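Everything numeric here is computed off the predicted structure, so don't read it as measured data. Here is the naming used below: chain letters follow the sequence lines, and residue numbers restart at 1 for every chain.
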2 protein chains.
Amino acid sequence: MTDDELDLDAVATLRGAVLRLGRRLRYQTVGDADLSATELAVLGRIGLCGPLAPSALARAEHVKPPSMTKVIESLEDRGLVRRDPHPTDGRQCLISRTEAGETFTAQTRERRTAWLAQRLDELDEPDRRAVLAAAPALQRLADLP
Amino acid sequence: MTDDELDLDAVATLRGAVLRLGRRLRYQTVGDADLSATELAVLGRIGLCGPLAPSALARAEHVKPPSMTKVIESLEDRGLVRRDPHPTDGRQCLISRTEAGETFTAQTRERRTAWLAQRLDELDEPDRRAVLAAAPALQRLADLP
DNA sequence: TATTGTTATACTCTATAACTATA
DNA sequence: TATAGTTATAGAGTATAACAATA
């Protein structure tokens, strides 16, 4: 393999593995948590980026603004997010997590991490080492624009 | 870090990266066909496991039998799957992909692989190397029971 | 006039309950 | 009687179009 040519078989393996693993991770919590995937994603997004306007949340989570309006309403009804006025722009508002929202996000993250840690524990040592060594690079890969 | 204790920070990083990357990969589909996530998953599942009964597909894709009935109807209407009688049990039927279904699945896989290859190309060399090196281990991780 | 957010309405996907046919 | 699959109906989640308020 040369420097400027990717091994497409390895890429295909990676694609399949990430899709299946991501799928199984998403099922952790979907079952007993009463939140939809987008509601969960919005809580996580705010944790990642800080308070955001509804339009920014809609863009980030690939839904349309009217859908995001409903998602925010639902989260607000459950006391998981709060709506504050934008400091300079009267049209906008900023959505933040409440303390309950932060707790909830932390619990979900913990549960998924625990599930993943259990799976990792079932790998042999070289595999586990390779996967964990690649984690920061995978993070940069996932966060590419 | 000792041998029998996982670095939970690294596991958390991995969790986030796999979830985000999987999410972006799922968005890469064959545009003009307009299949739902479950329809796409069913085509992939049959490719993975061979012809399956509707009830088995429902279990595998975490939907209820009546939902799977509709998914199969839709795929059948598009000519992507075929319904054959079960050889010994008159109640059951077996869902297989048509040639068009196989072509479609291959195209989707190709497109997602191409998207991922492009992203990998934007990483620096050590990151790319780490990720590709971990691909087989990630596959084993994703396929754990 | 353009942008942010909401309301009104319709469509898609999935679930539960009830029904048919076969084992 | 139990199981596989379908039909009928209802409930989420999301989209488009139209509207109100602010820049």
Round to a whole Å and report the spacing from [atom1] of [X] to [atom2] of [N].
{"X": "L94(A)", "N": "dT4(C)", "atom1": "CG", "atom2": "P", "value": "13 Å"}
{"X": "I72(B)", "N": "dT6(D)", "atom1": "CD1", "atom2": "C1'", "value": "11 Å"}
{"X": "H86(A)", "N": "dT3(C)", "atom1": "NE2", "atom2": "C1'", "value": "13 Å"}
{"X": "Q92(A)", "N": "dA20(D)", "atom1": "CD", "atom2": "C1'", "value": "16 Å"}

[atom1]-[atom2] distance between [X] and [Y], expressed to the nearest 0.5 angstrom:
{"X": "I95(A)", "Y": "D84(A)", "atom1": "CD1", "atom2": "CG", "value": "8.0 Å"}
{"X": "T113(A)", "Y": "L14(B)", "atom1": "OG1", "atom2": "CG", "value": "9.5 Å"}
{"X": "L57(B)", "Y": "L52(B)", "atom1": "CG", "atom2": "CG", "value": "5.0 Å"}
{"X": "H62(A)", "Y": "R24(B)", "atom1": "NE2", "atom2": "CZ", "value": "8.0 Å"}

message: Considering only residues two or more places apart or on different chains, which pairs with a residue in residues 134-145 of chain B satisfy salt bridge (charged side-chain N to carboxylate O under 4.0 Å, His left out)?
response: R20(A)-D143(B), D127(A)-R140(B)
task: Would you give a per-nucleotide map of nucleotides 17-23 of chain C, 5' to 3', where B means the base has a protein non-hydrogen atom under 4.0 Å away, S means only the sugar-phosphate does, and - means neither?
output: B----BS
- request: Ignoring backbone atoms, test whether S67(A) places a side-chain nitrogen or oxygen under 4.0 Å from the OP1 or OP2 oxygen of dA15(D).
  value: yes
- request: Output yes when at least one side-chain N/O atom of T38(B) is less than 4.0 Å from OP1 or OP2 of dT14(C), else no.
  value: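 For dT14(C), OP1/OP2 do have a side-chain N/O of T38(B) under 4.0 Å.
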query: For residues 74-85 of chain A, which residues have at least one heavy atom under 4.0 Å from DNA chain C?
result: R83(A)
query: In residues 44-59 of chain B, what residues come within less than 4.0 Å of DNA chain C, judged by heavy atoms?
result: none
- request: Give the cluster check for M68(B) versus L48(B): same hydrophobic cluster or not, with ILVMFWY residues linked at side-chain heavy-atom distances below 4.5 Å.
  value: no
- prompt: Among the clusters formed by ILVMFWY side chains lying less than 4.5 Å apart, do W115(B) and L141(A) turn up in the same one?
  reply: yes
task: For the pair K70(B) and E73(B), evaluate salt bridge (charged side-chain N to carboxylate O under 4.0 Å, His left out) and give the outcome as yes or no after the intermediate values.
output: CA-CA 5 Å; K70(B) 288 200 172 185; E73(B) 266 173 13; over 6 Å; no
task: Using a 4.0 Å heavy-atom cut-off across all strands, classify S36(B) as base, sugar-phosphate, or nothing.
output: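 Sugar-phosphate contact only - S36(B) comes under 4.0 Å of backbone atoms but never of a base.
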- prompt: Base, sugar-phosphate, or nothing: which does E73(A) touch, judged by heavy atoms less than 4.0 Å apart?
  reply: sugar-phosphate
message: Please check: side-chain N/O of R97(A) versus main-chain N/O of V81(A), any donor-acceptor pairing under 3.5 Å?
response: no
query: Do E39(A) side-chain atoms and S36(A) backbone N/O form a donor-acceptor pair below 3.5 Å?
result: yes
query: Just checking, is any N or O donor in the side chain of T98(A) or R82(A) under 3.5 Å from an acceptor N or O on the other one?
result: no
Lys/Arg N to Asp/Glu carboxylate O, R119(B) vs E122(B), below 4.0 Å: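 Between E122(B) and R119(B) there is a salt bridge, with a charged N closer than 4.0 Å to a carboxylate O.
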message: According to side chain to side chain donor-acceptor pair (under 3.5 Å), does anything in residues 45-55 of chain B pair up with another residue at least two apart or in another chain? List the pairs.
response: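 Of all non-adjacent pairs touching residues 45-55 of chain B, those that pass side chain to side chain donor-acceptor pair (under 3.5 Å) are R45(B)-E61(B).
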message: Less than 4.5 Å apart, side chain to side chain, heavy atoms only: is that true for V11(B) and L132(A)?
response: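 The answer is yes; the side chains approach within 4.5 Å.
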Could you list, one pair per line, each protein nitrogen or oxygen that sits under 3.5 Å from a nitrogen or oxygen of nucleotides 9-11 of chain C, together with the distance?
none

- request: Between dT14(C), dA15(C), dG5(C), spot the one nearest the side chain of K64(B), thanks.
  value: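 The answer is dA15(C), which lies nearest to the side chain.
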